[in-house]
There are 2 protein chains.
Amino acid sequence: MSSIKGKGHCRSCAIRQMSIFAQLPEAALVEIQHFQPSIIHFSANETVYHQGEAASCAYTLRQGLVRLVKTLPNGRTQIVRLIRAGDSFGFDGFIGEPYNHSAIPLCEIEVCRLPLAELLALKRQHPEIENAMMKRWIQHLREAEDMMLELGAKKASERLASFLIRWCEPVGLNGWIELPLSRSEIGELLGLTIETVSRFISDWKRQGWIEERQGRIHLLDTKQLQALACVDD
Amino acid sequence: MSSIKGKGHCRSCAIRQMSIFAQLPEAALVEIQHFQPSIIHFSANETVYHQGEAASCAYTLRQGLVRLVKTLPNGRTQIVRLIRAGDSFGFDGFIGEPYNHSAIPLCEIEVCRLPLAELLALKRQHPEIENAMMKRWIQHLREAEDMMLELGAKKASERLASFLIRWCEPVGLNGWIELPLSRSEIGELLGLTIETVSRFISDWKRQGWIEERQGRIHLLDTKQLQALACVDD
DNA sequence: CGCAATTTTGACCTGTTTCAAGCCAGGTGG
DNA sequence: CCACCTGGCTTGAAACAGGTCAAAATTGCG
């Protein structure tokens with residue numbers, strides 16, 4: 001079950017530097033002490049909010065990984081974005097619309113729940129917040145465009161190679177990194193079946209281009225993957 | 001060739017009501033008279049800006065239709081958004097990034113070119129502009145998510161039916177409406193080949209579900225199309 | 001150890017692309 | 001005014017990528 005762990009305080013927040021409140025000056029942090037969003041824990045697959053629900057809060061992810069998923073009436077699904085610590089999501093209420101997707105944790109997570117009304121007021125008063133939110137929306141729009149290119153113009157192996165390269169970027173392309181997505185979740189993200197994902201990964205392991213141990217992955221031959229991936233620009 | 005037609009004046013702009021300046025009070029319009037963006041004409045397929053170019057201006061479309069296209073190094077392309085009159089595009093410069101896509105007119109167009117530096121200043125001074133831009137970004141993000149679902153989770157016929165229904169919505173689903181996209185442009189948008197698009201459209205014409213004359217289209221049996229489309233919610 | 005869940009693999013099938021003609025409408029020039 | 005050309009659209013046949021279904025292998029876990 002989800003559990004409220006108490007109230008958050010921006011002043012002492014460990015991940016504030018990664019959030020939309022990063023640029024707020026110390027003075028402002030004192031000033032907005034009345035703003036105490038709830039800190040909430042969710043376990044894996046325990047939905048934070050459902051597609052279609054009225055959107056009265058946005059969320060900032062403090063720990064873990066969340067997938068934003070859209071579902072078709074016939075049950076087919078598509079992951080439209082992965083959320084990492086520091087990222088915020090669920091702003092549909094700002095335009096008076098219900099949530100456009102469901103938010104489902106990939107593992108145990110901790111979020112900071114931000115009532116939109118209060119957030120709106122803060123945003124008005126502090127241009128730094130305003131600005132940070134704007135930048136993130138534009139960035140997300142760019143990422144969404146990139147993803148549409150992946151889904152619309154690339155083949156299975158190209159999408160998968162490109163995904164692995166992007167995923168491993170933080171470790172410079174030659175270290176081990178956690179891959180907390182199951183085969184079927186990778187499939188949901190890339191518009192492929194679990195079998196297709198598994199086949200290519202197995203094949204590339206046999207080729208010696210990647211290796212995997214206990215949910216961690218390591219790219220050995222990025223040249224080959226890069227070539228497969230149809231990398232843009 | 002593109003041609004500059006002069007300077008725009010928000011006060012007398014015919015499409016201001018549809019733009020991000022819609023909510024500005026009359027008083028503000030007088031106040032910002034120094035803001036005179038260029039009005040520019042482009043002919044069909046004459047690129048407004050290229051993917052990768054430094055982004056120093058955003059644009060508001062005054063007339064016509066624009067496609068935002070991403071291109072892979074191997075030449076494959078994907079239309080990531082269609083822009084209609086009143087819509088703005090090309091804000092990548094706000095986060096210091098080059099354009100993430102190319103903007104190419106589908107027909108003769110007229111745009112209002114907004115220098116980002118000036119727009120940023122206006123946005124700071126006038127919360128109405130700020131707010132209107134925010135709403136549009138959120139809306140575009142939602143539409144992008146919808147499109148990812150289309151591309152990732154739907155079959156060819158489902159994508160096409162769903163596209164036609166959305167396109168014809170403005171005329172209440174039983175009038176004639178302009179369809180200024182060629183088969184190959186529809187394909188680029190939906191991640192399909194021109195042949196696949198043509199086959200389904202021809203088939204549905206034979207079934208008597210749609211008709212088409214001189215670039216205009218008319219849905220006769222929306223029930224059937226709706227069923228095909230896997231309509232969400 | 002033994003069970004359940006996930007992943008892998010194989011065989012087969014289907015939807016979509018690819019390649020190749022043919023068609024049709026609109027525009028041009030003889 | 002008509003033959004011709006051009007570009008977009010349609011249609012068919014064959015190839016192929018990826019999906020589906022089913023079974024086996026592996027992994028994680030109590």
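Chain A is the first sequence line, chain B the second, and so forth, proteins listed ahead of strands; every chain is numbered from 1.
Partner of K70(A) under the side chain to side chain contact (heavy atoms under 4.5 Å, CB included) criterion, out of R81(A), R76(A), Q51(A): Q51(A) alone.
A cation-pi geometry, defined here as NZ or CZ lying under 6.0 Å from the six-membered ring centre and within 45° of its normal, does not hold between R216(B) and W167(B).
Comparing G215(A) and F200(A), the nucleotide of DNA chain D nearest to each residue sits closer to the 5' end for F200(A). DNA chain D is contacted by both E195(A) and K155(A); K155(A) maps to the nucleotide lying nearer its 5′ end (nearest heavy atom per residue).
Taking side-chain N and O atoms only, T196(B) has no distance below 4.0 Å to OP1 or OP2 of dT16(C).
Residues from residues 178-193 of chain B with heavy atoms under 4.0 angstrom of DNA chain C, sorted by number: G191(B), L192(B), T193(B).
The CZ atom of R76(B) sits 12 Å away from the P atom of dA17(D) (whole-angstrom rounding). Spacing between atom CD1 of I201(A) and atom P of dT9(C) amounts to 11 Å, rounded to whole angstrom units. When the C1' atom of dT10(D) is taken as reference, atom CD of E212(B) falls 12 Å away, rounded to whole Å. One can place CD1 of I194(A) at 14 Å from C1' of dA25(D), the figure rounded to the nearest angstrom. Here the P atom of nucleotide dT6(C) and the CZ atom of R213(A) are 23 Å apart, to the nearest Å. Remark: C1' of dT7(C) and CD of Q214(A) are 16 Å apart, rounded to the nearest angstrom. In this structure, L151(A) places its CG atom 15 Å from C1' of dG18(D), rounding to the nearest Å. The distance from atom CG of D203(A) to atom P of dG18(D) is 13 Å, rounded to the nearest whole Å.
At the heavy-atom level, S202(A) lies under 4.0 Å from the strands shown only through sugar-phosphate atoms. At a threshold of 4.0 angstrom between heavy atoms, the contacts of S198(B) include nucleobase atoms, whether or not backbone atoms are also involved. Across all strands, R206(B) comes closer than 4.0 Å only to sugar-phosphate atoms, never to a base (heavy-atom distances).
You'll find the ring centres of H140(B) and F89(B) outside the 6.0 Å limit.
Using cut-offs of 30° and 60° for the angle between ring planes, the Y49(B) and H101(B) rings count as tilted.
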Before you tell me yes or no, could you show the steps for E185(A) and R67(A) under salt bridge (charged side-chain N to carboxylate O under 4.0 Å, His left out), namely the whole-Å CA-CA distance, both residues' side-chain angles and the distance that decides it to 0.1 Å?
CA-CA 9 Å; E185(A) 282 155 352; R67(A) 62 188 192 274; 3.7 Å; yes

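On a pure distance criterion of 3.5 Å, a polar donor-acceptor pair joins the side chain of R199(B) and the base of dG12(D).
Under the 4.5 Å side-chain criterion, counting only non-hydrogen atoms from C-beta, Q207(B) is not in contact with D221(B). Between Q63(B) and I109(B) the shortest side-chain heavy-atom distance does not fall below 4.5 Å.
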